[in-house]
Amino acid sequence: MRISALLSKTWIWKPALAAMLAGLSRLPVSLGWLVFWSFLPLLSFWEEKPDKKQLILAGLVYSTIYSVVCLHWISLVTVPGFFGLLLLFGFYFALLFSFIGLLWQWQPRFKYLFLIFCWISFEFLQSLGEFRFPWFNIGYALTDYLVLLQAADLGGVYLLSLLILLINIFIFRIRKTPGSSLLLMIIVLICWIVYGIVQVNTFPLKKTNLNIAMIQASIPQNLKWEESFLDSTLHRYAKLTSKAAESAPDLIVWPESALPVYLLKHHRYRFFVEDLIRETGVDIFTGFPDYEPSLPPHPQRYKFYNSASLFRKNGTVDEPFRKNILVPVGERMPLLGIFPFLWNIQLGQANFEYGDKITSFNINNHTFSAIICFEIAFPEITSAIARKGADFIINITNDAWFHRSAGTYQHAAMTVLRAIETRKSIYRCANTGYSMIVSPLGEILEISDLFEQKII
């Protein structure tokens, strides 16, 4: 296709350019500022009053380019899953672009309000249902800009997305109404920046004497579940835990499924943890798979859970927290309740059960709750933890799946937003990184490198 012919098809190049800008803003290359320009090609496209076919095709182009640029790392975990995501979000964006385009033409006076309403609603709806995957929120592009992130304590990542949309709209409108658009943009930016500066410099922080150590053992994914490597895993955790105990912490944290065994059921490995606690004199909080017998009409003999709990010096184990939000396909095949035959399809998923509550733990008169891996992407669960009065939050994860990709960066970056939204410190303990401590202001106080054995 000739360049002139391609340029004439605005339903191709305009959404493709917008998707490229939005995708680059989410990569660990310090280009988050591109998000303030990423909607300009789309605004120009919708202004042309495209027909229904062009709207659908534009949505497919945008979704495909954005996914390839920003979410290519999913193919490192599962190639079929990546193509499934292309299909699913291609459908979503085709609907989104169609709604915006048709509403834009139906009531042009309110076109910008329609855009904001539809886009923010789309971001919110991504967090619902069994296919939930809220990775397209444009607010995450601002992860490197601590001052701008502070507004998240007012309206979460969705407020950041709304402000980004407003700046795009004001820039787009400058060519038609330069005076009013520029003035409104300056007012919004000043209020946004001033609020952030005030919060960073005046938000009341309370220092405690609680000392927490996190273990990043860095077990490669290709070895983690190998039975022949299990003794090496035990040795590594024993060595790092003993070293961490030298600083006399109140709590030592291991990551998600640190020991790839049913820890509460296998006495040998439970005794290993309990012996280590007795030797070090420090409680250990760790993730582990777990199961319990099921009752009819459940199609399997056991129910399996992705769990975590606190192993104490007195030999007891607190009531485990069971992961509430599971990775679609990766941890549970969606729609099992509607299509029971899906229980028989194995694509590498574990088919865990959903946990149904938030569990609180207490250490030295401080209360905390935990979230596991994917749950960091859902502000509703961290907000619920904050409402229950937790003093801090622990996020345990594996992340070895992502290798050295943008996925690891994007997953860890969500921790910063959750800390600001809840104004709680978050301790993120990852198997291979990034492990980090994030303050209630979103400041990363300490962080590991990828694939290093590290004690924080």
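All values derive from a computational prediction rather than experimental measurement. Position 1 is the first residue of the sequence, and the numbers go up from there.
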Taking Glu353 first and then Arg332, would you say they form a salt bridge - that is, a charged N and a carboxylate O separated by under 4.0 Å? yes

Checking Tyr92 now: which residues fulfil ring-ring contact (aromatic ring centres under 6.0 Å, His included) with it, not counting sequence neighbours? Phe89

Has Arg175 got its NZ or CZ under 6.0 Å from the middle of the six-membered ring of Phe172, at an angle within 45 degrees of the ring axis? yes

Less than 4.0 angstrom from a charged side-chain N to a carboxylate O is my criterion; do Arg428 and Glu446 meet it? no

Only pairs under 3.5 Å count here: list side-chain donor-acceptor contacts from residues 388-396, not counting sequence neighbours, and write none if there are none.
{"from": "Lys388", "atom 1": "NZ", "to": "Ile358", "atom 2": "O", "distance (Å)": "3.1"}
{"from": "Asp391", "atom 1": "OD2", "to": "Thr367", "atom 2": "N", "distance (Å)": "2.8"}
{"from": "Asn395", "atom 1": "ND2", "to": "Ile371", "atom 2": "O", "distance (Å)": "3.2"}

Among residues at least two apart in sequence or on other chains, which ones pass side chain to side chain contact (heavy atoms under 4.5 Å, CB included) with Pro80? Thr78

Taking Cys118's backbone N and O only, do any of them form a donor-acceptor pair with Ser121's side chain (distance below 3.5 Å, no angle check)? no

Solution key, residues 184-195 side-chain donor-acceptor pairs under 3.5 Å, sequence neighbours excluded:
{"from": "Trp192", "atom 1": "NE1", "to": "Leu148", "atom 2": "O", "distance (Å)": "2.8"}
{"from": "Tyr195", "atom 1": "OH", "to": "Asp153", "atom 2": "OD1", "distance (Å)": "2.8"}
{"from": "Tyr195", "atom 1": "OH", "to": "Asp153", "atom 2": "OD2", "distance (Å)": "3.1"}
{"from": "Tyr195", "atom 1": "OH", "to": "Gln199", "atom 2": "NE2", "distance (Å)": "3.4"}

Listed by chain and number, what are the ring-ring contact (aromatic ring centres under 6.0 Å, His included) partners of His298, not counting sequence neighbours? Trp343

How long is the straight-line distance from CG of Leu251 back to OH of Tyr427, given to the nearest 0.5 Å? 9.5 Å

Return a table of donor-acceptor pairs under 3.5 angstrom between the side chains of residues 103-114 and protein atoms on other chains or two or more places apart.
{"from": "Trp104", "atom 1": "NE1", "to": "Glu47", "atom 2": "OE1", "distance (Å)": "3.4"}
{"from": "Gln105", "atom 1": "NE2", "to": "Pro50", "atom 2": "O", "distance (Å)": "2.9"}
{"from": "Lys111", "atom 1": "NZ", "to": "Glu47", "atom 2": "OE1", "distance (Å)": "2.8"}

Looking at Glu375 and Arg418, is there a salt bridge between them, counting it only when a charged N and a carboxylate O are closer than 4.0 Å? no

Taking Asn211's backbone N and O only, do any of them form a donor-acceptor pair with Asp250's side chain (distance below 3.5 Å, no angle check)? yes

